[in-house]
Protein chains: 4
Amino acid sequence: MKAVRLHAFNQSPQIDDVPEPKITHPLDVIVKIGGAGVCPTDLHITLGQWDSRMNTPLPYTLGHENAGWVSEVGSAVTNVAVGDTVILHPTPTCGLCHACRAGDDMHCINSTFPGLSTDGGMAEYLLTSARACIKLDPSTQPKDVAALADAGITAYHAVRKALPLLYPGTTCVVIGAGGLGHIGIQSLAALSATRIIVVDRNPDALKLAEQLGASHTVVADGNQVEAVKELTDGNGANVVLDFVAEEGAENEGWDMTAPGGSYFVIGYGGTLHIPTLDIVSTERNVIGNIVGTYNELAELMQLAQAGKVTLHTRTYPLDAAVEALNDLDAGRVRGRAILVP
Amino acid sequence: MKAVRLHAFNQSPQIDDVPEPKITHPLDVIVKIGGAGVCPTDLHITLGQWDSRMNTPLPYTLGHENAGWVSEVGSAVTNVAVGDTVILHPTPTCGLCHACRAGDDMHCINSTFPGLSTDGGMAEYLLTSARACIKLDPSTQPKDVAALADAGITAYHAVRKALPLLYPGTTCVVIGAGGLGHIGIQSLAALSATRIIVVDRNPDALKLAEQLGASHTVVADGNQVEAVKELTDGNGANVVLDFVAEEGAENEGWDMTAPGGSYFVIGYGGTLHIPTLDIVSTERNVIGNIVGTYNELAELMQLAQAGKVTLHTRTYPLDAAVEALNDLDAGRVRGRAILVP
Amino acid sequence: MKAVRLHAFNQSPQIDDVPEPKITHPLDVIVKIGGAGVCPTDLHITLGQWDSRMNTPLPYTLGHENAGWVSEVGSAVTNVAVGDTVILHPTPTCGLCHACRAGDDMHCINSTFPGLSTDGGMAEYLLTSARACIKLDPSTQPKDVAALADAGITAYHAVRKALPLLYPGTTCVVIGAGGLGHIGIQSLAALSATRIIVVDRNPDALKLAEQLGASHTVVADGNQVEAVKELTDGNGANVVLDFVAEEGAENEGWDMTAPGGSYFVIGYGGTLHIPTLDIVSTERNVIGNIVGTYNELAELMQLAQAGKVTLHTRTYPLDAAVEALNDLDAGRVRGRAILVP
Amino acid sequence: MKAVRLHAFNQSPQIDDVPEPKITHPLDVIVKIGGAGVCPTDLHITLGQWDSRMNTPLPYTLGHENAGWVSEVGSAVTNVAVGDTVILHPTPTCGLCHACRAGDDMHCINSTFPGLSTDGGMAEYLLTSARACIKLDPSTQPKDVAALADAGITAYHAVRKALPLLYPGTTCVVIGAGGLGHIGIQSLAALSATRIIVVDRNPDALKLAEQLGASHTVVADGNQVEAVKELTDGNGANVVLDFVAEEGAENEGWDMTAPGGSYFVIGYGGTLHIPTLDIVSTERNVIGNIVGTYNELAELMQLAQAGKVTLHTRTYPLDAAVEALNDLDAGRVRGRAILVP
């Protein structure tokens, strides 16, 4: 089968012909890929930035945002059957460690991360686990939802954690209205009545944000902290969801956070510098966020099926993977690029 | 009456003769001081470090850890009467703002902070509010509990917030077994079955920590992060309570925190430097902490009356305030110095 | 001034001429009434049903859902000023007991309940406390929001407590789409993406429910438990909000609750009969609900000002109070009857 | 192998010779039983009281509180190995349904309940699942901990849910200091500083309760509601944990619950009768409780290994199962009877 494989860091991946995956474990599932999202993390991976954390196994197949149809199942699989339309949680988990038993899939101590630590879904078929499969309505098109598998679940997980802080009368700042941010805005609008202020450099992204539920938008032109302070009587926001967290956004995000408030880090790349006196005198928090739980992805699919969260996508054939990555790198993708094998 | 007043930064305070306070508001209460704690924050204040945040009103009376007996009450006071033994929440609050109505006293937007922003309790009498007064059993000696009013409530508040994370089988690191830390350790032991690892430079403090409930102690000799990792199978602790948060402890505290865990900042003075990739890839949190709520101080007094939290104190007459501050600065005070007018 | 006063149980109240109230406490506030809601509880009161709980002080003025304009304030009032438009929390609280300090206004051990335990707001002026006043935008018409002061806060409080249980993919049953229920439905729709099933005897009420956000409606014709089970794959609902809780609805509500789910009692009049084996074998809960907190009423006013919760009202002059009560009793009021002095 | 099997309701079970269980599923585990608890539920089962809920599969092997050593594992088992000492969660779960993925094992929609719905552990060997096995320190004696597998986890689960309500200064009533109750008391004492009032008919049970951490004890002689009210200034307790919930205890338990408090049902057999006006006017809750989660059992084993929860047991050989059941029925067992094959 065809697969988009990375052979060396700082090189483009290439389209290889590789053997199809095989079932070896009773909970294994093989999925025929219907859509594989192209994510900024793929650019970070090709630059070697995840190597020290994930021990990237070159050469290997990229692709960690996957949806498709079940083509084969192991002997102990009961939750999906051949032919089912599925979206895949990004990290197949063991189901037996303390984190798995608490529902905290993202902290499973035995999980893999296809597309980062093993072969991913930019291919015709993907080997995954029954524990990663969420069955969808058969009318769902995998290419329409694939990007919810990682970008979506990450944005939704952060929103879900922030919800108890976002009762009516509060303010939530969203930094970055791109791939993850535009799902975050829709999730906030569907699940709360908080006032949403969106900050982005790109006026087009802000225009989209308004349509998706933003109450106010702020162009990130260097005065964004002051602008947010003005919109909040000088207090800052109860919650800041930072989908950028690099190139200075991270320290601005902290500065936009009101006393008693919480700054959620979702993007990455920058470095926070915070005096501990600032933390204690205002009792503010910094909240880490990673991909969400299996059940959170199932919840997000409910919002998607109800039309409350929709993705802006642009499809490419699998062969055009490098073009898609280049378009993403150059800022030419509005919403999310999706490879369709 | 006599009062310990600061006239200029970087100078010792002096004992002045000043007028007694007067009732002017219906909820005012005047308390005859029975004990006033001497806190490291008093040293920070005399160095001018809180001036920019609190607009320190020189000259003024120090003292933010106070207990005594009610000597006069305003017309609308119903919760205490003349003669009652009381401990005082450090920040008299308005009772009418959103934070007060939520029980979040420490975020009252109209509160004062006697001893920081107005005249404090290192004096014969203190003007406070009915909203700051917690009535105690008449047998309680104010000098025995005064330090719970700020050191105690701060340590207890952090422990209280951490408790849901500290179920049996978890590990909690306490950095710093001094004034606040030794109350934190006792609160943890009274309210959880978590494994407590205490880190301190001072072997005597660690000996005390063991008596108070520590499961393990670690000398902060430069290898404390590795020592904590070894005690936790390489994972780090679920919660780190950092009562130091300066001189490098803050970044070590973060490094001791397990994936999915939370680093609680309670001390101050240093600066955190954290790459956002570290935050998201492990989903760790930084939790700010300030003094607790009125009800939390009442709860802590329940632990104190049950003998589950006890303070190590050394008393000085009010006239010896400068000596007490010097002893504290030189590390000659074991537990807490208390001024008794 | 004119006031609607109850002189004896099982008699209609009458319009009396009584002295205007006077300020006696520093936190007292006198409000010129702009709207006073007429509530089924007023009918219960006139029948003497609250006498044993509230020690109804005959003769006295009815009216526990009040909004208007501040006409006079006590010496210590800082949160509102003469001329401010306000809605009133139903229970002026002491601000000093444990419940008040926790933000649990409805459990204040010193509160009064104007309209039940002291003179209420079906009059030209009402004596209340600064602690009951929520300042509104001056453009707000008191008659448009008065009913949110008790019906609204009660429905909203129950919804607010249920929200953590109502993530996407869950089902919430609302029994009773009347005065409280139609606010509950709007609050659910504004703050969650749960599927809302509304049960009522009245087809017109169900039609309104659909416009307000119900996903499904069920006529309470005797087969409502089965109908809810069918809509939920035989499981029942994760949450049932019972705004009726009499005449059998209470035991049907319990039967509609899924294993692991919660049955919220908000209406009253009936009696639950539940074998403890039913409770433990399914791990279901019965959750009590009373009026909400001060901050919850403030939150609800945010939803009202954003147009997310609107009231259907019919106004009557104060003189027509008995007519309004009779219309309510006879089921002739759609939404809420409001007296306007 | 030998097994204690029930052939008909209202008859004693008998000791049969049956084939040993066999591995058929990749996650199957066979455990050599080291201890099987004898529980009041076994008496209820023999009377047919669980038949309608569990479809009791006569004839079958009793025993739902089991610990022992792993003797054989399926091909996909990774969390335990042959020879490991294990305690068994009472309900092997599927690991794939929504409840399992949330960590709510007790609400798994595909679980079995060995000893109730399939063959249990009153035998030489038991067939269970990897998902039910918790690995213990090899020094642990299965017969010492077996009763924690169901009595223990049930008591602990209720305490764990109640903990957020039981801050210092609160009161918790425990009704019934028997098999479950005496674990509940120890768990409360280990994890909170709440005041514990224990109510029981049996003065010996109350004496034991005092040794285990009760602050006060009350003989259930007909005046127990008044006695609890007197000990709580007329308010009742913040939380009531009812391990009896039959023969009137259930309605007394409700009456002992303070306004705003919660009544936890853990025992069963009686029927609650509560006017909905009582529920709403005081905002009290009834909380259902069933066995706990896998992780809760792991936590309880931590308390057991630390010596904070200990069981009073009396062992019988497997052949003496009927004698053990008769002793239990006659009230001759102090603590818990344990069968040792």
Side-chain angles (χ1 to χ4, degrees), chain B residues 87 103 134-137 145 148 152-153 155-172 183-196 212-216 232-233 238 260 292-310, chain D residues 87 103 134-137 145 148 152-153 155-172 183-196 212-216 232-233 238 260 292-310:
Chain B
I87 189 166
I134 292 176
K135 190 175 167 177
L136 302 176
D137 186 275
V145 296
L148 294 177
I153 194 180
Y156 182 77
H157 175 59
V159 168
R160 189 75 150 75
K161 284 166 65 176
L163 280 181
L165 308 171
L166 294 174
Y167 48 83
T170 56
T171 298
C172 182
I183 300 171
I185 296 165
Q186 294 176 77
S187 300
L188 282 171
L191 299 176
S192 81
T194 194
R195 190 168 60 129
I196 305 169
L212 298 178
S215 314
H216 301 268
T232 54
D233 296 330
N238 304 74
T293 70
Y294 177 93
N295 280 352
E296 285 174 339
L297 183 52
E299 292 174 22
L300 178 58
M301 297 312 299
Q302 294 277 348
L303 293 184
Q305 285 188 324
K308 295 186 177 181
V309 170
T310 56
Chain D
I87 188 167
I134 294 176
K135 189 176 169 178
L136 302 177
D137 187 276
V145 297
L148 294 177
I153 194 180
Y156 182 77
H157 176 60
V159 167
R160 189 75 151 74
K161 284 166 65 176
L163 280 181
L165 307 171
L166 293 175
Y167 48 84
T170 56
T171 297
C172 182
I183 301 171
I185 296 165
Q186 294 176 77
S187 300
L188 282 171
L191 299 176
S192 81
T194 195
R195 191 168 60 130
I196 304 169
L212 298 178
S215 314
H216 302 268
T232 54
D233 297 329
N238 303 74
T293 69
Y294 177 93
N295 280 351
E296 285 173 341
L297 183 52
E299 293 175 21
L300 179 58
M301 296 313 298
Q302 294 276 347
L303 292 184
Q305 285 188 324
K308 296 186 177 183
V309 170
T310 56

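Residue numbering restarts at 1 for every chain, and letters A, B, ... go by the order of the sequence lines.
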Engineer: Mind checking the CG-CG spacing from L191(B) to L163(D)? Nearest 0.5 Å is all I need.
Structural biologist: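 L191(B) atom CG to L163(D) atom CG measures 10.0 Å (nearest 0.5 Å).
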Engineer: Would you say Q302(D) and Y167(B) make side-chain contact, with heavy atoms under 4.5 Å?
Structural biologist: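 Not in contact.
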Engineer: Given a strict heavy-atom distance threshold of 4.5 Å, which part of E299(B) is in contact with chain D: side chain, backbone, both, or neither?
Structural biologist: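 For E299(B), heavy atoms of backbone and side chain both lie under 4.5 Å from chain D.
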